Amino acid sequence: MQRQYQREFVRTFFTSPAAVDGEEDSAKMLRSAAQLRGLQAPDVWVPDNEDATAPNMREEGVGNIIEVVAEHGAEFPGEIHPRVVWHRDSPSTRYQGFQQLQELADPANGAIDHLDGFVIPEVGDIDDWKKADEFLTILEHEYGLETGSLSMSVIIESGEAELAMGDLREEIGKPSNNLERLFLLVDGEVDYTKDMRAMTPTGELPAWPELRHNTSRGASAAGLIAIDGPYDDIRDIEGYHERMTANRAKGMLGIWSLTPGQVIEANTAPLPPDTGQWRFEVDDRELELDGADGTQVVTSERVSVDETASGSYRFTVGDDHQELSDAELREELLDRTAYVPSMTDIVDSMEEFEAAKEAGKGAIAMTRSTTLEIDGVEIEISKDRMWDEATYLAAQTPITLFQDVYENRPDQHEELEELYGENIVERALSVGQ
């Protein structure tokens, strides 16, 4: 299958209302978003003429998108993908969407040179996806654009759409469609909840981990990019981080952003940290340890270590007490300790494995050591990890992400070099190549 887009990763999917009712300038949100730069600017900006714009403002919204994109689109550092109206069960809504697409794609209106594609919401089964694809093919022929040059992203907001992802591998590449134009698979948990007729005691949205897993899997199988839906509590930064962390474990590195503040968080969270971090598990929670001079201090009222008269240790976590030998204590602490590697750590490890591989070794042991301090008692621990080709490739994902960001977002170069240092950036760009 031949992909029609260049990005390997998308961290941020940022929507802006196409028209705001009651404002002197109904396009003010678009104008503000179009001038975002650096880490404040999303990888994909979505001027939203569907849910974010009132139905009576959508005609004006199309005009606003055209005006703002024509004026600012050339300088915008990310991709621009307007969202139009669509619905799997409504031919009239699909026709309205086609009319919006016609206006936005018309070269005479001055916006199409700066548009990378379109976002289609409320899709149904795979035949419905093909209808949207056919509309875009018609526009490409009508306006003399290269076939497949307009990418298409869909929002998974129904059980039908979720099941349709299983058909993509078979359908993409058939001569009867141009589904190679697909770019993003985006979860829309609000409408999905409505479609599934799901309820929770509090009325809050279910977390839908199954949907996020299925979307990530569908994207991986079809060579696409998976994006999680909006996190509505825009003040809950910790919850936003937790959601992104859980998503990355599923291979879903991108997330919807509703504010420039969320954009910054979502742009930076998938990148390797600038410094490494030791963590210690207590009561199914991980404490971030404070480290200085190679010593990591565990500060928790629920954890204590005391040396006994016999030379053993009394190790306490909450109400659980154990008397352990020196070796047993080290093993217990190792089981509770984890390390989050920094960008430098990852680059160092990859370079070391590359050198070993060049010397003919298929696997090497990597050792990471530190000293834990609990109640003034210091215990040295050491973790060994075997690195082979599979370990190397797994470690390469955050570096590949960084390389993709650096290539596609030159407006972020200065901030990334300030974060990591020029030397590490240079090494990160060359490792794994």
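The structure presented is a predicted model; accordingly, all values stated were derived computationally and were not measured.
A salt bridge does not link Lys357 to Glu354: none of the charged nitrogens lies less than 4.0 Å from a carboxylate oxygen. A salt bridge links Glu67 with Arg31: at least one charged nitrogen is closer than 4.0 Å to a carboxylate oxygen. The pair Glu79-Arg7 does not meet the salt-bridge criterion, since no charged nitrogen lies less than 4.0 angstrom from a carboxylate oxygen. Classification of Lys130 and Asp133 as a salt-bridged pair fails, no side-chain N sitting under 4.0 Å from a carboxylate O.
Rounded to the nearest 0.5 angstrom, Tyr240 OH and Thr259 OG1 are separated by 7.0 Å. Rounding to the nearest 0.5 angstrom, the gap separating the OG1 atom in Thr400 from the CG atom in Asp404 is 8.5 Å. Note that CD of Gln35 is 7.5 Å distant from CD of Glu71, once rounded to the nearest 0.5 Å. Between Asn214 atom CG and Trp208 atom CH2 the span is 11.0 Å, to the nearest 0.5 Å. Put simply, CD on Glu122 and NE2 on His87 are 4.0 Å apart, with the number rounded to the nearest 0.5 Å. Glu204 contributes atom CD, which lies 10.0 Å from atom CG of Asp232 (distance to the nearest 0.5 angstrom).
Shown here are the side-chain hydrogen bond (donor to acceptor under 3.5 Å, both in side chains) partners of Asp48, two or more places apart in sequence or in another chain: Arg83. For the salt bridge (charged side-chain N to carboxylate O under 4.0 Å, His left out) test, residues two or more places apart in sequence or in another chain that qualify with Glu160 are Arg88. Looking at residues two or more places apart in sequence or on another chain, you find no salt bridge (charged side-chain N to carboxylate O under 4.0 Å, His left out) involving Arg385.
Ring-plane geometry between Trp387 and Tyr392 is classed as perpendicular, the angle between the planes exceeding 60 degrees on a 0 to 90 degree scale with a lower cut at 30. The aromatic rings of Phe183 and His81 sit parallel to each other, their planes meeting at less than 30°, with 60° as the upper class boundary. The aromatic rings of His413 and Tyr406 sit parallel to each other, their planes meeting at less than 30°, with 60° as the upper class boundary.
Counting heavy atoms from C-beta on, the side chains of Pro42 and Phe76 come closer than 4.5 Å. The shortest side-chain heavy-atom distance between Leu150 and Ile112 falls under the 4.5 Å cut-off. Between Tyr420 and Thr344 there is no side-chain heavy-atom pair separated by less than 4.5 Å. For the pair Pro209 and Lys250, the minimum side-chain heavy-atom distance is below 4.5 Å. Taking the side chain as every heavy atom from C-beta outward, Gln40 and Asn267 never approach each other to under 4.5 Å. By the 4.5 Å heavy-atom criterion applied to side chains, Thr15 and Val119 are not counted as neighbours. Looking only at side-chain heavy atoms (C-beta outward), Val190 and Leu205 come within less than 4.5 Å of each other. In this structure the side chain of Leu104 reaches within 4.5 angstrom of the side chain of Ile66, judged on heavy atoms.
Counting only distance, with no hydrogens or angles, the side chain of Arg11 and the backbone of Leu253 share no donor-acceptor pair below 3.5 Å. A donor-acceptor distance shorter than 3.5 angstrom exists from the side chain of Asp106 to the backbone of Ala108, with no hydrogens or angles considered. With Gln100 contributing its side chain and Val62 its backbone, the two residues share no donor-acceptor pair below 3.5 Å. Between the side chain of Ser220 and the backbone N or O of Ser216, no donor-acceptor pair lies under 3.5 Å. With hydrogens and angles ignored, the 3.5 Å screen pairs no side-chain donor or acceptor of Asn109 with any backbone N or O of Ala111. Panel note: side chain Ser153, backbone Leu184; a donor-acceptor pair is recorded below 3.5 Å. The backbone N or O of Phe14 lies less than 3.5 Å from no partner atom in the side chain of Thr12, so there is not a single donor-acceptor pair. In this structure a side-chain-to-backbone donor-acceptor pair under 3.5 Å is present from Glu140 to Ser149. The closest donor-acceptor contact from the side chain of Lys383 to the backbone of Tyr339 lies at 3.5 Å or more, if one exists at all.
For Glu351, the CD atom counts as densely surrounded, since its 6.0 Å shell holds more than 12 non-hydrogen atoms of other residues, nucleotides or ligands. Within 6.0 Å of CD in Glu59 there are 12 or fewer heavy atoms belonging to other residues, nucleotides or ligands. No more than 12 heavy atoms of other residues, nucleotides or ligands lie within 6.0 Å of CD in Glu24, so this atom counts as exposed by the packing criterion.
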- Check step by step if salt bridge (charged side-chain N to carboxylate O under 4.0 Å, His left out) holds for Lys174 and Glu171. CA-CA 6 Å; Lys174 285 185 176 180; Glu171 293 294 334; 3.3 Å; yes
- What do the steps show when you test Val154 against Leu182 for side chain to side chain contact (heavy atoms under 4.5 Å, CB included), and what is the final call? CA-CA 8 Å; Val154 299; Leu182 280 167; 4.2 Å; yes
- Task: Test side chain to side chain contact (heavy atoms under 4.5 Å, CB included) on Thr245 and Arg248 and set out the steps.
- Result: CA-CA 5 Å; Thr245 300; Arg248 289 197 296 276; 3.5 Å; yes
- Report the C-alpha separation of Asp195 and Glu157 in whole Å, then their side-chain angles, then the decisive distance to 0.1 Å, and conclude whether the side chain to side chain contact (heavy atoms under 4.5 Å, CB included) test is met. CA-CA 7 Å; Asp195 181 74; Glu157 300 179 90; over 6 Å; no
- Query: How far apart are the C-alpha atoms of Val317 and Val282, what are their side-chain angles, what is the distance that settles it, and do they pass the side chain to side chain contact (heavy atoms under 4.5 Å, CB included) test?
  - Reply: CA-CA 7 Å; Val317 179; Val282 180; 4.2 Å; yes
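In the model, Asn177 has no side-chain atom that pairs as donor or acceptor with a side-chain atom of Trp129 under 3.5 Å. Under the 3.5 Å distance criterion, with hydrogens and angles disregarded, no donor-acceptor pair is assigned to the side chains of Asp187 and Tyr192.
Of the listed residues (Phe118, Trp86, Tyr95), just one forms a ring-ring contact (aromatic ring centres under 6.0 Å, His included) with Phe135, and that residue is Trp86.
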